[in-house]
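The structure appears right after this line, and notes come after that.
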Amino acid sequence: MPPMVASAATDGNFAYRQRRDFQRPTVLSRYSILGFLSSGTYGRVYKARVRKPSSDMSPAGLMGTPGAATPGKRLKLARDDGDDDGELVAIKKFKPDKEGEAVTYTGISQSACREIMINREISHEHVTALREVMLEEKSIYLVFEYAEHDFLQIIHHHSSTRTVLPVAVLKSLLWQLFNGVSYLHDNWIIHRDLKPANILVNSAGQVKIGDLGLARLYQEPLQPLYTSDKIVVTVWYRSPELLLGARHYTPAIDLWSMGCIYGELLGLRPMFKGEEAKVEMGGKKGGVPFQRDQMSRVVEVVGSVDRNQWPTVTQMPEYNQLPRLDRHQDTLQQWFNSRSRNSPQDQAAAAAGFDLLRQLLIYDPTKRITARASLTHQWWAHDPKPHANAFLGLPTGVSYPMRRVTHDESDPKLSSNAGRGTFASGGGSGVASGLPFGGGPVRATKRSRLDH
Amino acid sequence: MAANFYLSSHANYHLHPRSALVSARQEDLKHATEQELGWIEIWSGSVIQKLCKRLGLRQQVIATAIVFFRRFYLRNSYCETDCALVAAACCYVAAKAEETPVHVKSAVAEARVVFNDMGLSSFPTDNTKLAEMEFYLIEELDFHLVIFHPYRSLVQLCGRDGGPTAGGEVGKATRSAMLEMDDTALQMAWFVINDTFRSSLCLIHPPHLIAIAAIYLAFSLHPPPSANITAPPPATTGSGPSSRTRRQSIDSGVPSSSTPAAPPARTGPPPPGGQTDPITFLSTLNVDYTLVLEIVQEVISLYELWNALESSAAGTAAGASASSGGGKARAGTAKTIAVKTPFTS
Ligand SMILES: Nc1ncnc2c1ncn2[C@@H]1O[C@H](COP(=O)(O)OP(=O)(O)OP(=O)(O)O)[C@@H](O)[C@H]1O
Ligand SMILES: [Mg+2]
């Protein structure tokens with residue numbers, strides 16, 4: 001496909017675009033790419049370092065090395081690669097769409113749009129900060145502050161080394177997470193994809209909630225949330241009301257996910273690890289299946305759903321599925337006791353810790369604890385107290401591994417460090433995920449690959 | 001942000017002094033008169049409304065699209081860009097930002113219809129052109145896509161926002177009193193707000209002040225039966241709503257039995273008792289009434305400009321006119337104002 005050739009005569013915006021294109025700095029003029037961290041159908045996440053702004057003022061810059069204001073020319077990048085003073089960032093590149101081989105504009109995805117829209121309005125110490133948005137070669141780049149760890153990686157570290165996650169660390173991580181989620185909810189934002197992989201932690205032990213690609217503002221929606229997105233939240237972290245097909249839901253869905261995450265930090269494996277039923281296109285109800293196995297996993301621990309405790313459950317679209325599940329007692333207390341690592345003399349603290357888990361995993365969303373209320377839960381007052389640096393609770397000498405950075409020479413963004421100035425098209429497909437281990441089930445709304 | 005206007009990008013980066021609006025038009029003024037530029041504002045509002053309606057988008061999306069358009073042209077000149085493509089991109093992005101997205105194909109197809117009807121046959125057939133414009137547009141907007149509108153302020157001020165607020169701990173604002181507005185008055189205020197988007201008021205004033213000005217204008221048209229007042233609160237002199245405002249009631253199909261209220265002439269203290277009567281209520285709000293009056297004045301000038309546009313359109317049948325219907329502009333048969341009540345949302 002030939003590039004779009006337009007003349008000013010037929011294209012009223014030709015001069016406008018030229019002017020803007022000229023003003024736009026390139027990604028590589030601002031950041032040096034160190035490798036990629038993750039790659040999925042949505043695109044790629046790169047690890048990068050901020051270039052020192054002074055480089056433009058260097059003799060080389062004065063002598064004509066193009067700076068930020070002169071894109072299009074090639075940059076000599078290798079010079080900066082050894083520079084390790086610059087701040088680290090994670091650059092999320094949304095793959096451009098392709099028509100055959102040619103990269104083309106087909107419109108920004110709703111997911112990218114949300115991530116941009118919401119991140120540009122918020123600022124909180126426990127939400128990953130978006131430094132800037134860049135546009136280049138028909139792709140969008142979101143530049144985030146870098147976070148070296150995430151909950152999934154921390155959980156994996158302890159499970160693979162057969163060590164416990166110290167209560168002090170667990171509690172600090174949770175406390176900071178609750179703070180971040182409270183902030184989101186106070187601002188009418190539901191995250192809708194809380195899970196360990198999306199909760200990042202930087203090297204200073206600060207929790208940074210990430211991935212707002214499914215998040216949305218829910219104040220006075222123009223249409224019910226269900227209408228826009230039939231499936232939200234990765235299945236293991238999906239609340240009972242969502243599993244039962246609720247058309248209207250609230251921030252309480254995030255609190256359920258937090259209960260699952262709390263449980264996973266305790267047990268070091270997913271608390272409700274259901275098999276995801278595949279979406280059948282053309283099936284009934286628009287192809288959204290009942291997640292029977294997931295619901296069963298929940299019921300096995302939390303007990304069969306009791307209509308008296310959740311009166312409106314009878315109005316749920318999938319309510320009639322419930323009697324078909326095996327009946328179970330509520331065994332959450334036993335589940336907790338066998339995983340709780342409080343010493344016997346800490347009975348009060350353990351009871352408080354259990355109470356929070358219990359309140360997060362209440363079936364009735366209207367009775368589930370809110371994020372705000374969870375911040376004043378009595379558990380936090382017990383020792384060990386949560387700390388702003390979660391890693392202070394780690395035994396001396398223990399630290400979590402750094403993110404694995406992958407190099408892929410077929411990726412133009414990486415090879416470009418050796419001399420090319422701009423990204424070409426996506427490339428590098430077929431490269432294995434940068435994650436060292438499986439990331440869990442896939443959420444249907446953002447990806448098409450089903451990998452379990 | 002979403003819970004607090006004052007922390008939003010809208011409040012912190014996108015309200016400007018009037019002088020900024022003037023300097024944004026420097027280049028255009030070499031090619032057109034001030035009045036003609038005013039007409040472009042009216043025209044662009046109409047075009048965006050038409051396109052959004054064809055795409056089945058709601059009033060709030062229309063408003064967002066128009067704010068995007070205004071922000072874009074605060075940094076660019078009409079004469080150096082393709083306004084039609086920009087307008088279409090604004091609708092397309094606004095639909096996403098308001099979580100009721102439309103397909104790029106439909107946006108292009110409907111835009112072609114709208115612009116063809118106006119005799120602009122040059123709108124691209126190529127979807128990628130619109131998608132490309134989207135890129136440039138969001139960059140021009142500094143990637144700030146959350147917009148606050150006076151509609152929400154309006155329904156909040158009169159306590160009609162009792163919708164689902166489950167879970168939002170800060171959702172319930174602390175209100176001491178609620179303004180009592182009958183449906184007709186509320187609808188009037190809603191229409192006035194629609195009209196304000198034919199101007200650049202959204203670039204200057206915060207949405208709640210525009211809402212209060214709209215309430216003021218609505219009560220001037222339909223004084224509440226309960227209130228024993230004849231004048232709105234800020235007792236400066238100056239014109240009350242002009243005949244143009246009255247036209248509003250004719251346009252929107254709301255029967256108007258009253259003549260417009262007399263110019264503000266209230267002296268003395270506000271009427272005692274009745275804590276929800278409009279005048280007392282408005283005067284208890286902690287806002288700068290000189291600003292409210294300024295907005296009222298602006299809306300009135302807008303109506304005058306709009307009248308002039310319609311008479312000239314009726315005279316010349318100019319294709320680029322905002323007026324979609326012929327007839328006597330004075331009688332107000334020209335434009336259909338978005339008739340969408342706030343209650344059916
Ligand atoms: N700020 C960051 N710092 C470090 N790594 C990050 C950062 N943001 C994202 N990553 C890495 O990239 C991965 C994918 O990012 P993100 O979750 O935002 O994208 P996604 O579209 O949801 O992808 P996925 O569907 O795989 O979750 C993360 O799981 C993490 O490994
Ligand atoms: Mg993710």
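A note on names: the letters A, B, ... follow the listed sequences, proteins ahead of strands, and every chain is numbered from 1. If you're wondering where the values come from, they're calculated on a predicted model, not measured in any experiment.
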Any sub-3.5 Å donor-acceptor pair from A:Y183's side-chain atoms to A:S123's backbone N or O?
-> yes
Does a donor on one side chain and an acceptor on the other come within less than 3.5 Å for A:E115 and A:Y42?
-> no
Among B:A97, B:A107, B:P124, who wins on heavy-atom pairs under 4.5 Å with chain A?
-> B:A97
Below 4.5 Å from any heavy atom of chain A, which atoms of B:Q60 appear? Answer side chain, backbone, both or neither.
-> side chain
Results of salt bridge (Lys or Arg N to Asp or Glu O under 4.0 Å) for B:E98 - residues two or more places apart only = none
Structural part of B:I138 lying under 4.5 Å from a heavy atom of chain A = side chain
Passes side-chain hydrogen bond (donor to acceptor under 3.5 Å, both in side chains), A:T26 versus A:E136? Steps please.
-> CA-CA 7 Å; A:T26 62; A:E136 188 176 312; 4.7 Å; no
Do B:L154 and B:I215 come within less than 4.5 Å of each other through their side chains, counting heavy atoms only?
-> yes
Positions in residues 63-78 of chain B that reach chain A, provided some heavy atom is under 4.5 Å away | B:F72, B:R75, B:N76
Side chain from CB out, backbone as N, CA, C, O: work out which of these in A:I140 comes under 4.5 Å of a heavy atom of chain B, or both, or neither.
-> both
Partner residues of A:R114 under the salt bridge (Lys or Arg N to Asp or Glu O under 4.0 Å) criterion, sequence neighbours left out = A:D229, B:E99
Going from OG on A:S257 to CG on A:L361, what distance comes out if it is rounded to the nearest 0.5 angstrom?
-> 10.0 Å
Residue set satisfying salt bridge (Lys or Arg N to Asp or Glu O under 4.0 Å) with A:E125, at least two apart, ordered chain then number -> none
